[in-house]
Structures are given as structure tokens and as C-alpha cells.
Novice: 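For reference, the structure I am asking about is given below.
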Amino acid sequence: MKKENASHSRPSWDDYFLQIADAVAGRATCDRGRSGCLITRNKTILVTGYVGSPAGLPHCDDVGHQIKKVVHEDGHVTQHCTRTVHAEQNAICQAARYGISVEGGTLYCRMTPCRTCAMLIINCGIKRVVAERRYHAGDESEQMFRAAGIELVYKYEEVQTYENQ
């Protein structure tokens, strides 16, 4: 019997789950870094999440961004949309809402989780984070993950870019 698709190459588990996280990002409602996230354990998807406003509240795509500027100790200024909940936060909330433990799991996301997401990831017991790219302000998250013993893996070493970064 002739083998069809002999040139087909199965993606690694990390690539497979990152592809799914990208599909989840299609539901995101803030264009400043549309991202999706999923949390797995033992090669099984537990929950997903994407960037979006809290349930029942207006979305950036419909009413615009709610931008806040943050002045850091060293004087540099960053801009953040505060209308939305991050994909990582939404995935963790979905797990809590449905009583799904994510302890010992792996979280897949578009870029290094922000500082707040990193703290949540640490506290809920996730042991591994796989990100497509680096977040331009992800140094503190990387440090926290190292201190907490969480493995952080990047598919690409480059920094994720998006509008109004």
C-alpha cells in the first residue's frame, strides 16, 4: 500500500499548541496585540483564553482603546490598554470558573506574559510557559519565572511588535 503524504511532518507538541493559541487569538477584541492562550497538562488542552473586555463590557474593536500611560522609575513611558483582560488572565479565570486545576500545566501564549500575568501564572502552579516571541517589557517576568523555577521557552528570540507599543 502506497503511503500518502510521505512529506508530511507532524509538528512538535509545542508547535501544535502554539498554532492552536494563534487560532484562539482570532477571538481577541483588542488590536494592540491580539493574542490567545491555552493551558495544557499531559498533552491535553485544559482551557483557552484571549484578549478581550470583561463579559458584557464594550470591546476595543467597538469603542476604541482605553490607553493609560505609565511612567517608570527610570523615566521611560509605556502605554497600556486597560479596557481588556489579557489572554493568560482569561485562561486562568476560565479554569477557576469551571473548577479545573492548572497546577503543573504548561501555558502557551504569543509573547512573554506581563508582570501581572507572570504573578498569576506562578501562584496557580503552572510549571512551564511557551511563548512565540519576547515581550518588549518582559524582563521582570523572566526574572520572576527564574526565581520561581518556571521554565520559559521561546519559539523565536525576537521581540513581538504591535501598534502603539
Novice: Report yes or no: does T82 contribute a side-chain atom to a donor-acceptor pair with the main-chain N or O of K68 at less than 3.5 Å?
Specialist: no

Novice: Hey, are H76 and D74 close enough side-chain-wise for a donor-acceptor pair under 3.5 Å?
Specialist: yes

Novice: Out of curiosity, S35 OG to E88 CD, how far, rounded to the nearest 0.5 Å?
Specialist: 6.0 Å

Novice: Charged N to carboxylate O below 4.0 Å: is that the case for K155 and D14?
Specialist: no

Novice: Using atom types as modelled and distance alone, determine if a side-chain donor or acceptor of S141 lies under 3.5 Å from a backbone N or O of R115.
Specialist: yes

Novice: Quick one: OG on S53 to CG on N90, what's the gap to the nearest 0.5 Å?
Specialist: 9.5 Å

Novice: When rounded to the nearest 0.5 angstrom, what is the spacing between CZ in R32 and NE2 in H80?
Specialist: 8.0 Å

Novice: Any chance you could measure I39, atom CD1, to T44, atom OG1, to the nearest 0.5 Å?
Specialist: 13.5 Å

Novice: Quiz question: by atom type and distance under 3.5 Å, do the side chains of E142 and Y154 form a donor-acceptor pair?
Specialist: yes

Novice: If hydrophobic clusters are built from ILVMFWY residues whose side chains come within less than 4.5 Å, do Y16 and V24 share one?
Specialist: yes

Novice: Is any side-chain heavy atom of T78 less than 4.5 Å from a side-chain heavy atom of H72?
Specialist: yes

Novice: From R97 CZ over to I92 CD1, what is the distance, rounded to the nearest 0.5 angstrom?
Specialist: 15.5 Å

Novice: According to a 4.5 Å side-chain heavy-atom criterion applied to Ile, Leu, Val, Met, Phe, Trp and Tyr, with indirect links allowed, do I126 and M111 form part of one hydrophobic cluster?
Specialist: no

Novice: Around R27, counting heavy atoms of other residues, nucleotides and ligands shown, do more than 12 lie under 6.0 Å from its CZ?
Specialist: no

Novice: Where do A131 and L18 come nearest, in terms of heavy atoms and distance?
Specialist: C-CD2, 4.5 Å

Novice: Please determine whether a side-chain nitrogen of the Lys or Arg among R134 and E157 lies less than 4.0 Å from a carboxylate oxygen of the Asp or Glu.
Specialist: yes

Novice: Between the side chains of T84 and H86, is a donor N or O closer than 3.5 angstrom to an acceptor N or O?
Specialist: no

Novice: Less than 4.5 Å apart, side chain to side chain, heavy atoms only: is that true for C124 and E103?
Specialist: no

Novice: Can you find a pair of side-chain heavy atoms, one from C37 and one from L107, that are under 4.5 Å apart?
Specialist: yes

Novice: Would a distance-only check, ignoring hydrogens and angles, find a side-chain to backbone donor-acceptor pair under 3.5 Å from T40 to K43?
Specialist: no

Novice: How far does CD of E151 sit from CZ of R128, to the nearest 0.5 angstrom?
Specialist: 4.5 Å

Novice: Step by step, would you call V129 with I150 a side chain to side chain contact (heavy atoms under 4.5 Å, CB included)?
Specialist: CA-CA 7 Å; V129 174; I150 294 175; 4.1 Å; yes

Novice: Please test H65 against C30 for side chain to side chain contact (heavy atoms under 4.5 Å, CB included), starting from the C-alpha separation and ending with a verdict.
Specialist: CA-CA 8 Å; H65 299 291; C30 179; 3.5 Å; yes

Novice: Before giving the answer on side chain to side chain contact (heavy atoms under 4.5 Å, CB included), spell out for I121 and F145 the whole-Å C-alpha distance, their side-chain angles and the decisive distance to 0.1 Å.
Specialist: CA-CA 9 Å; I121 289 164; F145 286 151; 3.9 Å; yes

Novice: So I45 and I20, side chain to side chain contact (heavy atoms under 4.5 Å, CB included) or not? Walk me through it.
Specialist: CA-CA 10 Å; I45 298 170; I20 295 170; 3.8 Å; yes

Novice: Applying the 4.5 Å side-chain criterion to the ILVMFWY set and letting contacts propagate, would L38 and V130 be lumped into a single cluster?
Specialist: yes

Novice: Among the clusters formed by ILVMFWY side chains lying less than 4.5 Å apart, do I100 and V85 turn up in the same one?
Specialist: no

Novice: Hydrophobic clustering (ILVMFWY, side-chain heavy atoms < 4.5 Å, transitive) - are W13 and L46 grouped together?
Specialist: no

Novice: Any heavy-atom pair between the side chains of R83 and T29 that's under 4.5 Å?
Specialist: no

